[in-house]
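Read the structure below first, then the notes.
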Amino acid sequence: MELQPEVGRWDVTPTEAVALQRRLVEQVVLRPPPGLKVERVAGADISTEKGRDTGFGGLVVLDAATLVPVAQAGAAVTLTFPYVPGLLSFRELPIVAEAWKRLTVRPDVVIFDGQGTAHPRRMGIACHGGLLFGVPSIGCAKSLLVGTYGKLADARGATAPITHKGEVVGMAVRTRKGVQPVYVSPGHLMDLPTAVELVLKVSPKYREPETTRHAHRLVNALRRAGGEAAELE
DNA sequence: GCGACAG
DNA sequence: ATCTTGTCGC
């Protein structure tokens, strides 16, 4: 029998998952590696269907300078954990991890569709994923899980700190004028300023990062295809 | 006890 | 997240 590292344990109950997060959070590093150069950025996402128990996940790697896709990988995995606010990683990461194994091009940073430290236990999917893959990561969500923020200007680039229980856990970032902001927080091997800077860089035209948009399109295509071609690169 | 609640 | 049509605004 293989001894599974705790960061890769999915056979847990919701109660055990919470306890596991409290241990894993101690391993998260909220500081980018010295001299980090971001040449390739990846987006991760999954897609599910109401009737089925199969989840489709994928990753798309973009050239950071041009935002053009340079590699991608997908996977179809049976869902084993329900959606529980605060425990999203236990539902989605098993699927993204399978796609990660099939990804031949390694990105310098991975942007997840969800929270990083802006989480009740500071252990959102971006933190968990960054630890699992051993790569710098960022959480960029479309809505808040916890925390509040004040007024922010309507111009693109405007920001407002997200606070929770007395600490800054993330930043509301307006990536497009007159549109609802996205919520950015560091995952692993990352800090808030760097995360905000990168998200703005990869979101030049639309509300969500190009990484997320590409990943979303990929997983939806896989789901509609029924999973027959989930191994495609 | 009541309300909130990433995707 | 997914289920779904049209509609308001730049």
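Computed from a predicted structure; not experimentally measured. Letters A, B, ... mirror the listed sequences (proteins, then strands); counts begin at 1.
Separating the CZ atom in Phe112(A) from the OG atom in Ser137(A) is a distance of 6.0 Å, to the nearest 0.5 Å. From Leu59(A), atom CG reaches atom CG of Leu218(A) across 8.5 Å, with rounding to the nearest 0.5 Å. For the atom pair CG (Asp45(A)) and CD1 (Ile111(A)), the distance works out to 12.5 Å, reported to the nearest 0.5 Å. Rounded to the nearest 0.5 angstrom, Thr175(A) OG1 and Gln180(A) CD are separated by 10.5 Å.
Residue pairs meeting the salt bridge (charged side-chain N to carboxylate O under 4.0 Å, His left out) criterion with at least one partner in residues 8-18 of chain A, sequence neighbours excluded, are Arg9(A)-Asp11(A). Here salt bridge (charged side-chain N to carboxylate O under 4.0 Å, His left out) pairs that include residues 141-162 of chain A, with residues two or more places apart or in two chains, are Asp113(A)-Lys142(A).
Not counting sequence neighbours, the partners of Arg23(A) by the side-chain hydrogen bond (donor to acceptor under 3.5 Å, both in side chains) test are Glu6(A). Scanning for side chain to side chain contact (heavy atoms under 4.5 Å, CB included) contacts around Glu39(A) gives Asp108(A), with sequence neighbours left out. Every residue two or more places apart in sequence or in another chain that forms a salt bridge (charged side-chain N to carboxylate O under 4.0 Å, His left out) with Glu210(A) is listed here: Arg213(A). Under the rule for a side-chain hydrogen bond (donor to acceptor under 3.5 Å, both in side chains), the partners of His128(A) that lie at least two apart in sequence or sit in another chain are Ser89(A).
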ask   = What does nucleotides 5-10 of chain C look like as a protein-contact string, B for base, S for sugar-phosphate only, - for none, at under 4.0 angstrom between heavy atoms?
value = ------
ask   = What string of B, S and - do you get for nucleotides 2-7 of chain B, 5' to 3', when a contact is any protein heavy atom under 4.0 Å?
value = ---BBB
All N/O donor-acceptor pairs, side-chain side in residues 185-193 of chain A, below 3.5 Å, sequence neighbours left out:
| residue | atom | partner | partner atom | Å |
| --- | --- | --- | --- | --- |
| Ser185(A) | OG | Gly116(A) | N | 2.7 |
| Ser185(A) | OG | Thr117(A) | N | 3.3 |
| Ser185(A) | OG | Ala118(A) | N | 3.4 |
| His188(A) | ND1 | Val29(A) | N | 3.0 |
| Asp191(A) | OD1 | Thr194(A) | N | 2.9 |
| Asp191(A) | OD1 | Thr194(A) | OG1 | 2.6 |

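In terms of modelled atom types and a separation under 3.5 Å, the side chain of Gln115(A) and the main chain of Val146(A) share no donor-acceptor contact.
The phosphate of dA1(C) (OP1 or OP2) has no side-chain N or O of Asn220(A) nearer than 4.0 angstrom. Contact annotation: Arg223(A) side-chain N/O to dA1(C) OP1/OP2 distance is not under 4.0 Å.
For the residue pair Asp53(A) and Thr78(A), no side-chain donor N or O sits within less than 3.5 Å of a side-chain acceptor on the partner.
Side-chain contact check for Tyr83(A) versus Leu88(A): some heavy-atom pair is nearer than 4.5 Å.
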request  = For DNA chain B, produce a single dot-bracket line, 5' to 3'. Pairs: Watson-Crick or G-U wobble, both distances under 3.5 Å. Symbols: ( ) within strand, [ ] crossing, | other strand, . unpaired.
outcome  = .......
request  = Using a 3.5 Å limit on both pairing distances, list the dot-bracket string of DNA chain C from the 5' end; Watson-Crick and G-U wobble pairs count, crossing pairs take [ ], interstrand pairs take |.
outcome  = ..........
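Taking the centre and axis of the six-membered ring of Trp100(A), the NZ or CZ atom of Arg106(A) falls inside the cone set by 45° and 6.0 Å.
Residues of residues 158-180 of chain A that place a heavy atom closer than 4.0 Å to DNA chain B do not occur.
Straight-line distance from the CZ atom of Arg52(A) to the P atom of dC3(C): 11 Å, rounded to whole Å.
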